[in-house]
Amino acid sequence: LNQSVKPGVYFLDVGQGDAILIQTPSGKSMLVDGGVSRVVLDRLADRLSYFDHDIDVMVATHPDADHVTGLIPVLGKYSTKIILNSPVTSDTKIFSELTNHIVNEHADTHVARVGDVIDFHDGVTAKILYPGINYHEKKNDTNDASVSMVLTYGNESFLLTGDLPTTEESNLLQEVLPKNITVYKAGHHGSKYSSSEQLLSYIKPEYSVISAGTNNRYGHPNPETLERLEKYSKEIISTIERRTITFSTDGKSLDLKTSK
């Protein structure tokens with residue numbers, strides 16, 4: 001069985017997709033996205049205690065399959081208390097299946113909006129930076145609605161932006177966003193259309209994490225994006241090379257471990 005849980009943020013290796021597990025000092029857990037398959041269950045089993053059948057907060061950043069497919073089996077196995085969604089829907093089979101699971105979960109479900117705060121009452125908070133109150137759905141673009149948040153614990157901060165494109169990143173530059181982010185999950189798996197110079201020059205992350213699959217058909221991460229990330233980050237680390245990426249922290253310092 002797992003030793004006592006250290007608070008931390010895990011960028012789970014789920015191939016071409018996102019799944020991020022946050023564990024707080026009081027043993028609470030938050031899962032942001034679930035990747036494209038059931039493999040997220042194995043990754044969670046490696047990290048959650050065998051007796052832990054609860055996920056306190058689940059966030060589905062936007063309806064794309066590579067972010068939400070894995071949330072369906074997670075909802076089947078774990079009891080989830082709070083679910084945050086983006087304001088957009090999708091007419092895919094995966095999304096309607098996810099919606100049915102969410103309805104059956106009887107969790108406290110909200111559409112995430114700027115200004116919302118998830119406070120775990122143990123020093124860890126997640127502040128929603130986007131989408132805005134007046135967000136209007138754009139036809140055929142779910143990435144535009146990606147729920148984006150800054151997670152803080154003591155001196156350490158993590159910026160998670162789903163697949164948010166550069167056109168919307170300026171919305172993140174708010175007072176609650178620290179000027180120096182500890183860890184930035186590169187938007188949209190390191191795509192060409194995220195991680196703008198404007199955002200990176202503001203957050204100057206210590207680490208930029210790329211969550212993407214080996215030899216993925218999109219060519220993520222994009223070489224131009226890598227150049228921008230290299231210019232502003234101290235270190236770039238990718239699930240392609242390092243598999244699951246773990247940042248343990250006590251709020252004062254950060255400890256990085258990878259599965260490879």
Side-chain angles (χ1 to χ4, degrees), residues 8-13 15-20 22 32-33 61-62 66-67 126-127 129-131 141 143-144 146-249 252-260:
V9 178
Y10 303 84
F11 294 87
L12 303 174
D13 173 28
Q16 178 65 19
D18 274 12
I20 302 145
I22 294 105
V32 180
D33 290 336
T61 60
H62 63 299
D66 58 332
H67 292 254
K127 293 180 177 150
L129 303 172
Y130 184 87
D141 196 352
N143 292 343
D144 266 24
S146 289
V147 176
S148 302
M149 67 177 79
V150 62
L151 188 80
T152 47
Y153 179 37
N155 304 327
E156 310 302 336
S157 55
F158 297 78
L159 179 61
L160 310 175
T161 66
D163 281 357
L164 197 69
T166 46
T167 50
E168 303 301 329
E169 284 175 348
S170 57
N171 291 301
L172 304 174
L173 309 182
Q174 303 165 25
E175 282 172 30
V176 294
L177 182 65
K179 269 283 187 346
N180 290 89
I181 288 283
T182 318
V183 178
Y184 165 58
K185 184 204 72 83
H188 200 191
H189 322 288
S191 130
K192 183 176 180 175
Y193 305 107
S194 291
S195 306
S196 63
E197 189 104 9
Q198 183 192 23
L199 176 65
L200 293 172
S201 63
Y202 183 96
I203 60 171
K204 298 192 180 67
E206 258 175 77
Y207 296 93
S208 288
V209 172
I210 292 162
S211 181
T214 312
N215 301 326
N216 66 79
R217 62 192 171 100
Y218 307 100
H220 296 157
N222 173 273
E224 288 171 42
T225 306
L226 281 175
E227 267 178 42
R228 290 198 297 273
L229 291 167
E230 272 159 13
K231 181 173 170 188
Y232 292 105
S233 329
K234 290 191 183 143
E235 191 175 340
I236 300 173
I237 186 160
S238 162
T239 59
I240 295 174
E241 285 89 31
R242 309 296 288 277
R243 305 300 179 210
T244 292
I245 297 164
T246 303
F247 292 97
S248 306
T249 178
K252 298 184 192 72
S253 65
L254 202 66
D255 183 29
L256 166 65
K257 284 195 180 68
T258 64
S259 300
K260 256 183 106 169

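Scope of the values below: all heavy atoms of this structure, side chains included, with no hydrogens, waters or symmetry mates. In what follows, residues are counted from 1 in the order of the sequence shown.
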Inter-residue atom distance Arg243.CZ - Thr239.OG1, 0.5 Å rounding:
8.0 Å
For Val183 and Leu159, run side-chain contact (heavy atoms from CB on, under 4.5 Å): C-alpha distance rounded to whole Å, both residues' side-chain angles, the deciding distance at 0.1 Å, then the answer.
CA-CA 6 Å; Val183 178; Leu159 179 61; over 6 Å; no
What orientation do His189 and His220 show, parallel under 30°, tilted 30 to 60°, or perpendicular over 60°?
parallel
Is the side chain of Ser201 donor-acceptor paired with the backbone N or O of Gln198 at a distance under 3.5 Å, no angle test?
yes
Is there side-chain contact between Ile20 and Asp33, with heavy atoms separated by less than 4.5 Å?
no
Answer yes if the side chains of Gln16 and Tyr218 hold a donor-acceptor pair under 3.5 Å, and no otherwise.
no
Is there side-chain contact between Met149 and Val32, with at least one heavy-atom pair below 4.5 Å?
yes
Report yes if some heavy atom in the side chain of Thr244 is under 4.5 Å from a heavy atom in the side chain of Thr258; otherwise report no.
no
To the nearest 0.5 Å, how far apart are NZ in Lys257 and OH in Tyr10?
9.0 Å
Search all heavy atoms of Ser195 against all heavy atoms of Arg228 and return the closest pair with its distance.
O-NE, 2.8 Å
To the nearest 0.5 Å, atom OG of Ser248 lies from atom CG of Leu256 at 9.0 Å
Is any side-chain heavy atom of Pro178 less than 4.5 Å from a side-chain heavy atom of Asn180?
no
State, without any angle test, whether Thr182 and Glu206 hold a side-chain donor-acceptor pair at a distance under 3.5 Å.
no
For atom NZ of Lys204, decide whether the heavy atoms of other residues, nucleotides or ligands shown that lie under 6.0 angstrom number more than 12.
yes
Do any N or O atoms from the side chain of Asn216 and from the backbone of Gly213 form a donor-acceptor pair under 3.5 angstrom?
yes
Using every non-hydrogen atom in the two residues, find where Thr161 and Lys185 come nearest and quote the distance to one decimal.
OG1-O, 4.0 Å
Check Leu164, Leu173, Thr166 against Leu199 for a side chain to side chain contact (heavy atoms under 4.5 Å, CB included) and give me the one that passes.
Leu173
Between His188 and Pro165, is any pair of side-chain heavy atoms under 4.5 Å apart?
no
What distance do Tyr184 atom OH and Ser208 atom OG have between them, rounded to the nearest 0.5 Å?
7.0 Å
Rounded to the nearest 0.5 Å, the OG atom of Ser170 sits from the OH atom of Tyr130 at a distance of 9.0 Å
For Ser157 versus Thr152, what's the shortest heavy-atom pair and its separation?
CB-CG2, 3.8 Å
Under a 4.5 Å cut-off applied to non-hydrogen side-chain atoms, are Asp66 and Asp18 in contact?
no
Within the distance-only criterion (no hydrogens, no angle test), does the side chain of Thr249 pair as donor or acceptor with the backbone N or O of Gly8 below 3.5 angstrom?
no
Does the side chain of Glu197 pick up a donor-acceptor pair with the side chain of Tyr232 at under 3.5 Å?
yes
Can you name the one residue among Leu229, Ile240, Ile236 that meets side chain to side chain contact (heavy atoms under 4.5 Å, CB included) with Pro221?
Ile240
For Lys252 versus Glu156, what's the shortest heavy-atom pair and its separation?
O-OE2, 3.2 Å
Could you measure the distance from the CG atom of Asp163 to the OG atom of Ser146? Nearest 0.5 Å is fine.
5.0 Å
Hey, are the side chains of Leu129 and Asn171 touching, using non-hydrogen atoms and a 4.5 Å cut-off?
no
So, do Tyr207 and Phe247 have ring centers that fall under 6.0 Å from each other?
yes
May I ask you to test the Leu177-Tyr202 pair for a side-chain heavy-atom distance under 4.5 Å?
yes
Please answer whether the main-chain N or O of Tyr193 pairs with a side-chain N or O of Ser191 as donor and acceptor at a distance below 3.5 Å.
yes
